[in-house]
Chemist: 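There's a structure below that I have some questions on.
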Protein chains: 4
Amino acid sequence: MQLHIEASNGIPIYEQICRQVKFAIANKALQVGEHVPSVREMAGRIAVNPNTVSRAYRDLQTDGVLIPIRGTGLAVTPEAPAKCNAERLDLIRDRLRIVLAEAHHNQITPDEIRQLVESELHRLESLDADNSLKPVTTGETA
Amino acid sequence: MQLHIEASNGIPIYEQICRQVKFAIANKALQVGEHVPSVREMAGRIAVNPNTVSRAYRDLQTDGVLIPIRGTGLAVTPEAPAKCNAERLDLIRDRLRIVLAEAHHNQITPDEIRQLVESELHRLESLDADNSLKPVTTGETA
Amino acid sequence: MQLHIEASNGIPIYEQICRQVKFAIANKALQVGEHVPSVREMAGRIAVNPNTVSRAYRDLQTDGVLIPIRGTGLAVTPEAPAKCNAERLDLIRDRLRIVLAEAHHNQITPDEIRQLVESELHRLESLDADNSLKPVTTGETA
Amino acid sequence: MQLHIEASNGIPIYEQICRQVKFAIANKALQVGEHVPSVREMAGRIAVNPNTVSRAYRDLQTDGVLIPIRGTGLAVTPEAPAKCNAERLDLIRDRLRIVLAEAHHNQITPDEIRQLVESELHRLESLDADNSLKPVTTGETA
DNA sequence: GTGGTCTAGACCACG
DNA sequence: GTGGTCTAGACCACC
């Protein structure tokens, strides 16, 4: 499981972690019963404070996605895949909705929006192509 | 000029005001030299704290979009339309970019994204139809 | 609204705060729309770290009991009274259940349990009598 | 001697073991001089980490309830029954006290408490009836 | 070793 | 002024 944390695109780090763990479960990158990386390991891996990871894991427990296994760590619950699959597109949709609503309220036409979307999709694909050649981070604003 | 403030969709209110004033200028709803509503009137109209409006107007002055006219209020600068037109799509694009980037990082396919976009666009149109209720069948969006 | 924090009866402080805010709402000591004491004030009042109060308030927001009012604080939501009333006895029942289950698993008879309960109830009443005012009319101040 | 471990009702597993061994002694399910199951056997029987059982047995030795018999294991001390009988109701009372105190602090009336107690006692009896038919775990999975 | 709780304090966003 | 986020680190419970 690989997380892409961007500090900061406006989304709190702990929430980015939350969301990406859910995506990883939806994508089968994390299986039921499997342990998520320990707080300390994850914190080291993505270079944030352990408490930030802890906060994210706590939220995931509240959501019923993770469950503590005494003394060994946190595991993916049996219900998690269903929840995460159901949420998979919703998580994106919610964010997309407010962006499109703003565009729409301000007289940007559906066709202009479609063009923006297409140009961004192409941009992402070409970034992928670049990254597959050289594993360099790109476009980070932080 | 009508503002659509949503408290809170994650965007600070003062920034929503800023953005929408710029959009209004780009859309010719606000002309060069025209006065923007006073801080007090605007605050009353959209039911927010006057300080919040004040903060937005301050940012707009910094951006060179508004200019104070002694004793009368704030007017749209001659340079504003050009700036606002240039920014019009950029403002949306920036926000769209981070949403699509997240989707893409998490194995959501371009086609799924396109479907989400289309369903949201349709949703916005039907919301419009409900709100206006005028029996218009021309399909024009503006 | 008066909170009784006991550090420590095994319940984390932040959870004690959470529970007691809910009880206060159920008891009409906190009304819909009313603001809860600010994080800093509450922290000072019950002599705990502000972050501990903050954690409790955050959980209450997740539960839909409190809602942030931009820049002014946290208010009781319209839905809160219903939720808190519904939870009022459940919060106690859940804790009672594990105690009684343990007693029952270990051959303590229902009648023994009833006796324990009665003796504790009497104890609490006599504590009340001591703490508040004994029905004395002498006018002593202390 | 049968232990009912519930991971997790908030009571640490090692303490649940401790308490239940004491209850077993108070109930004559464990006699003076009798050996308690070995750490390994007990750990297997209740499906917990052997270290957890070990920790519980260590506490019981500290309490003078168990004593090591060279090469054979841990036996119930002659003083144990008296201690355990004396503690029998106290262990429950202590836990009951904090629950009832919270209820009382929050305007839950003695009669409401009595009703909760009665309903929980009935619930426990009906669970027993069910279990005597089918020796199934109570349905709490985690 | 694991996670949980709490404290302390910096910094920011918001109104 | 308000709450939110993040960092840092101590201490504890559990396994």
Side-chain angles (χ1 to χ4, degrees), chain A residues 5 7-8 10-17 35-43 46-61 66-75, chain B residues 5 7-8 10-17 39 43 47-56 58-59, chain C residues 5 7-8 10-17 35-43 47-61 66-75, chain D residues 7-8 10-17 39 43 47-56 58-59:
Chain A
I5 300 300
S8 160
I11 313 172
I13 294 173
Y14 75 87
E15 193 178 332
Q16 293 186 49
I17 297 171
H35 276 55
V36 84
S38 81
V39 167
R40 291 162 172 91
E41 189 201 330
M42 177 70 89
I46 60 183
V48 302
N49 184 289
N51 276 342
T52 304
V53 179
S54 187
R55 160 79 191 271
Y57 283 1
R58 180 155 44 77
D59 286 357
L60 287 167
Q61 289 176 64
L66 296 183
I67 190 164
I69 306 296
R70 284 259 173 108
T72 68
L74 296 165
Chain B
I5 300 299
S8 160
I11 312 172
I13 292 173
Y14 75 87
E15 192 181 333
Q16 291 186 50
I17 297 171
V39 167
V48 303
N49 187 301
N51 280 335
T52 306
V53 179
S54 185
R55 160 79 186 269
R58 180 161 48 81
D59 287 357
Chain C
I5 299 300
S8 164
I11 312 172
I13 293 173
Y14 75 87
E15 194 179 330
Q16 293 186 49
I17 298 171
H35 275 55
V36 85
S38 81
V39 167
R40 290 163 173 90
E41 189 201 330
M42 176 70 89
V48 303
N49 185 289
N51 276 342
T52 304
V53 178
S54 186
R55 160 79 190 271
Y57 283 1
R58 181 156 41 77
D59 286 357
L60 287 167
Q61 288 176 67
L66 296 183
I67 189 164
I69 306 297
R70 284 259 173 107
T72 69
L74 297 166
Chain D
S8 160
I11 311 173
I13 292 174
Y14 75 88
E15 192 181 334
Q16 291 187 50
I17 297 171
V39 167
V48 302
N49 188 302
N51 281 334
T52 306
V53 179
S54 185
R55 161 78 186 269
R58 177 161 51 79
D59 288 357

Chemist: Nearest whole Å is fine: how far is E:dT2 P from A:M42 CE?
Modeler: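 About 13 Å, once rounded to whole Å.
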Chemist: First locate atom CD1 of B:I11, then atom CD1 of B:I5, and finally report the distance between them rounded to the nearest 0.5 Å.
Modeler: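 If we round to the nearest 0.5 Å, B:I11:CD1 and B:I5:CD1 are 9.5 Å apart.
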Chemist: Residues in side chain to side chain contact (heavy atoms under 4.5 Å, CB included) with D:S54, at least two apart?
Modeler: D:V39
Chemist: Could you tell me how far apart A:I69 (CD1) and E:dG1 (C1') are, to the nearest whole angstrom?
Modeler: 16 Å
Chemist: Do C:Y57 and C:P37 touch side chain to side chain, with heavy atoms closer than 4.5 Å?
Modeler: yes
Chemist: How do A:T72 and C:T72 order along DNA chain F: which one's closest nucleotide is nearer the 5' end?
Modeler: C:T72
Chemist: Can you tabulate the close N/O pairs, meaning under 3.5 Å, that link protein atoms to atoms of nucleotides 6-9 of chain E?
Modeler:
{"residue": "E:dC6", "atom": "OP1", "partner": "C:I13", "partner atom": "N", "Å": "2.5"}
{"residue": "E:dT7", "atom": "OP2", "partner": "C:N49", "partner atom": "N", "Å": "3.2"}
{"residue": "E:dT7", "atom": "OP2", "partner": "C:T52", "partner atom": "OG1", "Å": "2.4"}
{"residue": "E:dA8", "atom": "N7", "partner": "C:N51", "partner atom": "ND2", "Å": "3.4"}
{"residue": "E:dA8", "atom": "N6", "partner": "C:N51", "partner atom": "ND2", "Å": "2.8"}
{"residue": "E:dG9", "atom": "O6", "partner": "C:N51", "partner atom": "ND2", "Å": "2.8"}

Chemist: Between F:dT5 atom P and A:I17 atom CD1, what is the distance in whole Å?
Modeler: 13 Å
Chemist: Could you check A:G73 against A:R58 and say which one's nearest nucleotide on DNA chain E is further toward the 5' end?
Modeler: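 Result: A:G73.
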Chemist: Which residues pass the side chain to side chain contact (heavy atoms under 4.5 Å, CB included) test with A:R55, not counting sequence neighbours?
Modeler: A:Y14, A:R58, A:D59, C:R58
Chemist: Tell me, what's DNA chain F's dot-bracket, Watson-Crick or G-U with both distances under 3.5 Å, | for other-strand, [ ] crossing?
Modeler: ||||||||||||||.
Chemist: With a 4.0 Å cut-off on heavy atoms, is C:E41 in touch with a base, just the backbone sugar-phosphate, or nothing at all?
Modeler: nothing
Chemist: What's the spacing between A:T52 OG1 and A:Q16 CD if we round to 0.5 Å?
Modeler: 11.0 Å
Chemist: For E:dG3 and A:Q61 - does any side-chain N or O of the residue sit under 4.0 Å from the phosphate oxygens OP1/OP2?
Modeler: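 Answer is no, no contact under 4.0 Å.
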Chemist: Only counting residues at least two apart or in another chain, list the ones meeting side chain to side chain contact (heavy atoms under 4.5 Å, CB included) with B:N51.
Modeler: B:N49
Chemist: Taking only side-chain N and O atoms of A:S38, does any of them lie within less than 4.0 angstrom of OP1 or OP2 on E:dT2?
Modeler: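 It does, given that an N or O in the side chain of A:S38 lies less than 4.0 Å from OP1 or OP2 of E:dT2.
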Chemist: With sequence neighbours left out, write down each residue that passes side chain to side chain donor-acceptor pair (under 3.5 Å) with C:E41, or none if nothing qualifies.
Modeler: C:R45
Chemist: Using a distance-only criterion (donor-acceptor N/O pair, under 3.5 Å, no hydrogens), is the base of E:dG1 paired with the side chain of A:R40?
Modeler: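 No, no donor-acceptor pair under 3.5 Å.
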Chemist: List the residues meeting side chain to side chain contact (heavy atoms under 4.5 Å, CB included) with A:P68, not counting sequence neighbours, and say none if there are none.
Modeler: A:Q61, A:L74
